[in-house]
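Quick notes on the structure that follows.
Order of appearance sets the numbers: ligands from 1, and atoms from 1 within every ligand.
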Amino acid sequence: MKIGCPTEIKPQEFRVGMTPNAAGEAVAHGHEVIIQSGAGKGAGFEDADYVAAGAAIIDTAEEVFATADMIVKVKEPQAGERKMLREGQLLFTYLHLAPDPEQTKDLMESGCTAIAYETVTDERGGLPLLAPMSEVAGRLAPQVGAYTLQKANGGRGVLMGGVPGVGPAKVLVIGGGVVGTHAAKIAAGMGADVTVLDRSLPRLRYLDDVFGGTFNTGYSSQGLLAEHLTQADMVIGAVLIPGAEAPKLVRRAQFADMKPGAVLVDVAIDQGGCFETSKATTHADPIYDVDGIMHYCVANMPGAVARTSTIALGNATMPFMLALADKGWKQACADDPHLLNGLNVHAGQLTYFAVGKALGIDVVSPQLVLKG
Ligand SMILES: NC(=O)C1=CN([C@@H]2O[C@H](COP(=O)(O)OP(=O)(O)OC[C@H]3O[C@@H](n4cnc5c(N)ncnc54)[C@H](O)[C@@H]3O)[C@@H](O)[C@H]2O)C=CC1
Ligand SMILES: CC(=O)C(=O)O
Ligand SMILES: [Mg+2]
């Protein structure tokens with residue numbers, strides 16, 4: 001198979017879909033790998049590193065899209081990239097379709113087969129291709145939130161760990177999955193007073209067993225959330241209902257009860273965000289103010305630490321990328337129901353139910369598509 005990896009074009013996105021190591025593995029499996037010139041630069045990989053791994057360097061994205069059987073990326077294809085996708089071509093990347101009707105329409109019209117990293121599952125009920133970036137974004141969230149809390153950046157002027165004689169910042173994390181756990185660990189490590197809310201009792205039990213004493217846990221009812229909101233200096237949104245649009249858990253009307261200059265970091269923004277007032281921002285202009293509450297809503301947070309993120313993502317995607325290349329998407333998905341869960345679009349049809357529900361589009365079951 002010919003595997004193509006273009007340069008990411010989303011603003012300030014420095015990650016790349018394939019590391020030289022991933023390219024080398026694909027070449028060792030007998031595949032042809034083409035990399036757009038400069039694609040790895042933001043993550044610290046030179047064209048020469050890919051050439052040494054056996055890949056070919058191609059000048060333009062147009063050539064990569066025109067000739068590759070499978071496109072391996074990081075971010076959802078941008079409008080210009082979507083125009084280059086074609087019938088029968090396989091796209092393997094993050095998609096986040098539920099809050100994005102335009103992308104969904106374009107992917108369906110292209111006739112391509114699109115497998116979304118964020119809905120591939122594993123046998124323990126996890127999301128193995130989302131997890132590494134959730135680890136990164138979770139660990140970044142208190143860091144960017146702490147910066148936003150600084151007075152000059154619009155925040156309350158509160159130091160995460162406080163100082164002797166002055167208490168620490170209060171950090172509320174909504175959602176105690178991968179993002180939430182890593183965010184809570186780092187915020188607690190910075191000395192903040194941290195509470196994590198989740199709707200899953202087994203998850204709360206796990207967090208209490210492992211982190212009891214480091215941070216507090218609570219069941220995520222509207223009442224408890226409202227209580228904690230009034231106290232919080234920072235709120236980190238980290239909920240997920242896989243594939244679906246994020247539930248709006250904090251309303252604008254509630255800002256009146258919050259501390260002025262409190263900070264909302266909405267990591268769940270790539271699924272539409274869990275605060276009513278969230279809208280996606282970029283690393284170039286990440287923070288905005290609504291009624292005196294500062295919002296940080298960057299949809300590709302891991303792009304800020306592109307080298308760590310690229311290597312972490314590449315470690316996770318490599319076995320799936322190799323299975324897709326070795327067997328073709330149909331056989332690979334037939335052999336692995338977890339990979340089949342990643343199928344979001346095929347030949348003009350939507351194949352992921354939570355996306356269909358969010359966007360009001362009919363869905364064909366992926367199992368049916370496999371039989372077709
Ligand atoms: N902005 C960015 O750059 C990035 C965003 N993300 C996003 O972060 C979000 C979280 O991802 P993960 O932690 O990997 O998901 P996860 O599935 O590990 O955790 C989500 C948690 O939310 C909980 N939850 C669901 N509804 C809830 C509610 N109403 N109240 C409280 N908790 C609730 C679930 O029980 C689960 O424990 C996703 O939307 C993901 O796409 C992930 C990486 C990067
Ligand atoms: C998960 C995701 O959307 C990202 O890493 O940008
Ligand atoms: Mg994202």
Looking at Glu245, Arg199, Gln271, Lys248, the heavy atom closest to atom 29 (N) of ligand 1 belongs to Arg199
Check your understanding: Should Asp266 be listed as contacting ligand 1, given a heavy-atom distance under 4.0 Å as the test?
Key -> no
At under 4.0 Å between heavy atoms, what of Glu118 touches ligand 2? The answer is neither
Check your understanding: With hydrophobic residues grouped by side-chain heavy-atom distances under 4.5 Å, do Ile186 and Leu149 end up in a single group?
Key -> yes
Looking only at non-hydrogen atoms, the one of Val173, Leu204, Val239 nearest atom 9 (C) of ligand 1 is Val239
| field | Ala246 to ligand 1, any heavy atom closer than 4.0 Å | value | no
Here the atoms of ligand 1 under 4.0 Å from any heavy atom belonging to Met133 are 43 (C), 44 (C)
If we number the atoms of ligand 2 from 1 as shown, the ones under 4.0 Å from a heavy atom of Asp270 are 1 (C), 2 (C), 3 (O)
Note: Ser134, heavy atoms under 4.0 Å from ligand 1, region reported as both
Checklist entry - Quick one: does Met301 get an N or O within less than 3.5 Å of an N or O on ligand 1? => result yes
*Given the rule in the side chain to side chain contact (heavy atoms under 4.5 Å, CB included) test, do Thr7 and Val16 qualify, once you have shown the distances and angles that lead to the verdict?*
CA-CA 7 Å; Thr7 305; Val16 61; over 6 Å; no
Check your understanding: Should Arg156 and Asp233 count as an ion pair when the cut-off is N to O under 4.0 Å?
Key -> yes
- If only atom types and distance count, is the side chain of Gln78 paired as donor or acceptor with the main-chain N or O of Glu76 below 3.5 Å? yes
Under 4.0 Å between heavy atoms, the region of His96 that gets near ligand 1 turns out to be side chain
Query - Contact (N/O only, under 3.5 Å) between Ala299 and ligand 1 - result: yes
Original post:
Any side-chain donor paired with an acceptor under 3.5 Å for Arg205 and Ser200?
Top reply: no
Atoms of ligand 2 under 4.0 Å from any heavy atom of Pro302, numbered from 1 in the order shown, are 5 (O)
Does a side-chain heavy-atom distance below 4.5 Å link Arg86 with Ser110? no
Item to complete: Report yes or no: does Ser278 contribute a side-chain atom to a donor-acceptor pair with the main-chain N or O of Asp266 at less than 3.5 Å?
Response: no
Closest to atom 3 (O) of ligand 2 (heavy atoms only, candidates Glu8, Glu76, Gln271, His96) is His96
Discussion item. If you define the side chain from C-beta out and look only at heavy atoms, does anything of Leu197 sit under 4.5 Å from Leu224?
Written reply: yes
Kindly confirm or rule out an N or O of Ile174 lying under 3.5 angstrom from an N or O of ligand 1. no
Ligand 1 to Asp270, heavy atom cutoff 4.0 Å, flagged ligand atoms 4 (C), 5 (C), 6 (N), 7 (C), 39 (O), 40 (C), 41 (O)
Quiz item: Do any nitrogen or oxygen atoms of Ser220 come within less than 3.5 Å of a nitrogen or oxygen of ligand 1?
Solution: yes
message: When you measure from the heavy atoms of Ala299 to every atom of ligand 2, does any distance fall below 4.0 Å?
response: yes
Atoms of ligand 2 under 4.0 Å from any heavy atom of Asn300, numbered from 1 in the order shown, are 6 (O)
Any side-chain heavy atom of Val305 sitting closer than 4.5 Å to one from Val136? yes
Per-atom filter on ligand 2: closer than 4.0 angstrom to a heavy atom of Lys75 are 2 (C), 3 (O), 4 (C), 6 (O)
One finds that the ligand 2 atoms under 4.0 Å from a non-hydrogen atom of Met133 are 5 (O)
Heavy-atom proximity to atom 5 (O) of ligand 2, picking from Lys10, Met301, Arg15, points to Arg15
Can the positive tip of Arg307 be found less than 6.0 Å from the middle of the six-membered ring of Phe14, inside 45° of the ring normal?
no
Below 3.5 angstrom, do we get any N/O pair linking Arg203 and ligand 1? no
The answer for which part of Leu130 has a heavy atom under 4.0 Å from ligand 2 is side chain
- Query: Are any of the heavy atoms in Glu13 under 4.0 Å away from ligand 2?
  - Reply: no
With respect to Val178, determine whether any N or O atom, backbone or side chain, lies less than 3.5 Å from an N or O atom of ligand 1.
yes
message: Checking the N or O distance criterion of under 3.5 Å, is ligand 1 in contact with Leu130?
response: no
* Is it true that the side chains of Thr121 and His338 contain a donor and an acceptor less than 3.5 Å apart? -> yes
With a 3.5 Å cut-off and no angle check, do the side chains of Asn344 and Thr119 form a donor-acceptor pair?
yes
Margin query: Looking at Tyr288, I'd like to know if the NZ or CZ of Lys279 sits under 6.0 Å from its six-membered ring centre while staying within 45 degrees of the ring's axis.
Written below: yes
Min over Leu240, Val265, Leu225 of heavy-atom distance to atom 25 (C) of ligand 1 lands on Leu240
Is it true that a side-chain atom of His283 and a backbone atom of Asn300 form a donor plus acceptor pair closer than 3.5 Å? yes
Checking heavy atoms under 4.0 Å, the part of Asn300 that sits near ligand 1 is backbone
Worksheet entry | Val298, any N or O under 3.5 Å of ligand 1 N or O | yes
Practice item. Mind telling me whether Tyr206 and Phe211 have parallel, tilted or perpendicular rings, with 30° and 60° as the class edges? Key: perpendicular
Check: Does any N or O in the side chain of Glu13 come within less than 3.5 Å of the main-chain N or O of Arg15, such that one atom is a donor and the other an acceptor?
Finding: yes
Under 3.5 Å: N/O of Val179 near N/O of ligand 1
yes
With a 3.5 Å cut-off and no angle check, do the side chains of His295 and Thr277 form a donor-acceptor pair?
yes
